[in-house]
Number of protein chains: 2
Amino acid sequence: MTLSNSEEQLMQLLWKQERAFMKDLVEAYPEPKPASTTVATLLKRMQDKKFVGYKQLGRSREYFPMVPQKDYFSKQFKGLIKNFFNNSPSQFASFFTEETNLSRKELEELKTLIDSEIKKK
Amino acid sequence: MTLSNSEEQLMQLLWKQERAFMKDLVEAYPEPKPASTTVATLLKRMQDKKFVGYKQLGRSREYFPMVPQKDYFSKQFKGLIKNFFNNSPSQFASFFTEETNLSRKELEELKTLIDSEIKKK
DNA sequence: TATCATCTTCTACATTTGTAGAATTAAAAT
DNA sequence: ATTTTAATTCTACAAATGTAGAAGATGATA
């Protein structure tokens with residue numbers, strides 16, 4: 001099960017807010033904001049897909065993500081890696097280092113990070 | 001303009017082959033292979049979207065990608081980074097190093113790679 | 001309490017996507 | 001020359017997606 005584009009956009013807003021009422025979500029959209037019924041429809045579809053849950057609070061519902069952003073990202077990312085780099089993260093890594101313009105400092109930091117990962121092994 | 005899922009799947013096949021006739025593309029699909037008319041439809045839509053071109057060779061057409069795989073990947077990837085890591089590649093990098101299970105050897109290689117990138121600066 | 005502000009659910013509808021049959025064409029093989 | 005193979009274009013249609021109005025429900029507020 002995947003999210004469609006507009007569902008994913010909404011999901012991003014929800015992840016950012018952690019938990020939110022419909023109104024907050026609608027407001028979080030950049031102009032032009034969608035009709036609230038549009039958001040309602042999306043939320044409902046996302047509930048069907050088990051991506052969103054809610055807690056009834058008096059009159060209305062407080063929505064929250066049922067899938068952590070990280071998990072979702074991982075899945076997306078693995079998909080990309082699989083298609084474009086033949087399932088080889090290290091192959092991707094070299095692409096990344098070469099193509100992304102990281103500053104010297106960022107590269108240094110990354111190196112440090114890698115070192116600490118190596119130590120963990 | 002983006003590719004839909006099934007279009008992207010076909011695009012992957014085309015990238016792999018570099019240039020191909022319809023038949024080759026259909027054959028490259030895993031079972032169950034789609035009807036060739038399905039592929040034809042997709043190819044046509046992809047032409048409209050300027051993702052695919054072809055060269056008329058006698059009776060039929062040799063199709064080829066008009067968008068390099070790398071460019072396409074970059075765009076996708078940047079999109080992900082933007083949504084999930086607030087446009088910060090270095091933030092992504094740390095996620096990557098921690099979450100992807102690279103072996104010690106791969107990590108070492110990556111480090112070397114980063115070093116050579118640093119030298120370039 | 002009458003009115004407002006919100007929400008939610010239903011319904012609707014145009015587009016896009018996923019898939020493929022029918023018909024036509026033309027080159028290839030026998 | 002006839003049959004076969006591969007392609008191409010048209011048409012079709014169900015499912016998914018993007019958007020939103022209408023109507024009903026319920027707290028909040030004047």
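The chains referred to below are lettered A, B, ... by the order of the sequence lines, with proteins before strands, and numbering in each begins at 1.
- Rounded to an integer number of Å, the gap from B:Leu3 CG to C:dT16 P is 15 Å.
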Quick tally for nucleotides 5-12 of chain C: nucleotides whose base has a protein heavy atom under 4.0 Å get B, sugar-phosphate-only ones S, the rest -, giving -SSSB---
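- Taking the six-membered ring wherever Trp is involved, the centroid distance between the rings of B:Phe96 and B:Phe85 does not fall below 6.0 Å.
- The shortest distance between the side-chain N/O atoms of A:Lys49 and the OP1/OP2 oxygens of D:dA16 is not below 4.0 Å.
- Going from atom CG of B:Leu57 over to atom P of D:dA7 covers 12 Å, rounded to whole Å.
- For B:Phe95 and B:Phe84, the ring centers are positioned 6.0 Å apart or more.
- Annotation: proximity of residues 5-18 of chain B to DNA chain C (heavy atom, distance under 4.0 Å) is found for B:Asn5, B:Ser6, numbered in ascending order.
- When atom types are taken as modelled, the side chain of A:Ser94 and the backbone of A:Gln91 share a donor-acceptor pair closer than 3.5 angstrom.
- Annotation: salt bridge (charged side-chain N to carboxylate O under 4.0 Å, His left out) contacts involving residues 11-39 of chain A, sequence neighbours excluded, comprise A:Arg19-A:Glu62, A:Glu31-A:Lys33.
- Taking side-chain N and O atoms only, B:Thr38 has a distance below 4.0 Å to OP1 or OP2 of C:dA20.
- One atom, CG of B:Asp48, and another, P of C:dT16, lie 12 Å apart when rounded to the nearest Å.
- Within a 6.0 Å sphere centred on NZ of A:Lys50, heavy atoms belonging to other residues, nucleotides or ligands number 12 at most.
- Taking the charged nitrogens against the carboxylate oxygens, A:Glu108 and A:Lys105 have no contact shorter than 4.0 Å, which rules out a salt bridge.
- The backbone N or O of A:Thr2 lies less than 3.5 Å from a partner atom in the side chain of A:Lys49, making a donor-acceptor pair.
- The interatomic distance linking B:Leu42 (CG) with D:dT8 (C1') rounds to 14 Å, in whole Å.
- Using a 4.5 Å heavy-atom cutoff, the side chains of A:Leu107 and B:Lys121 are in contact.
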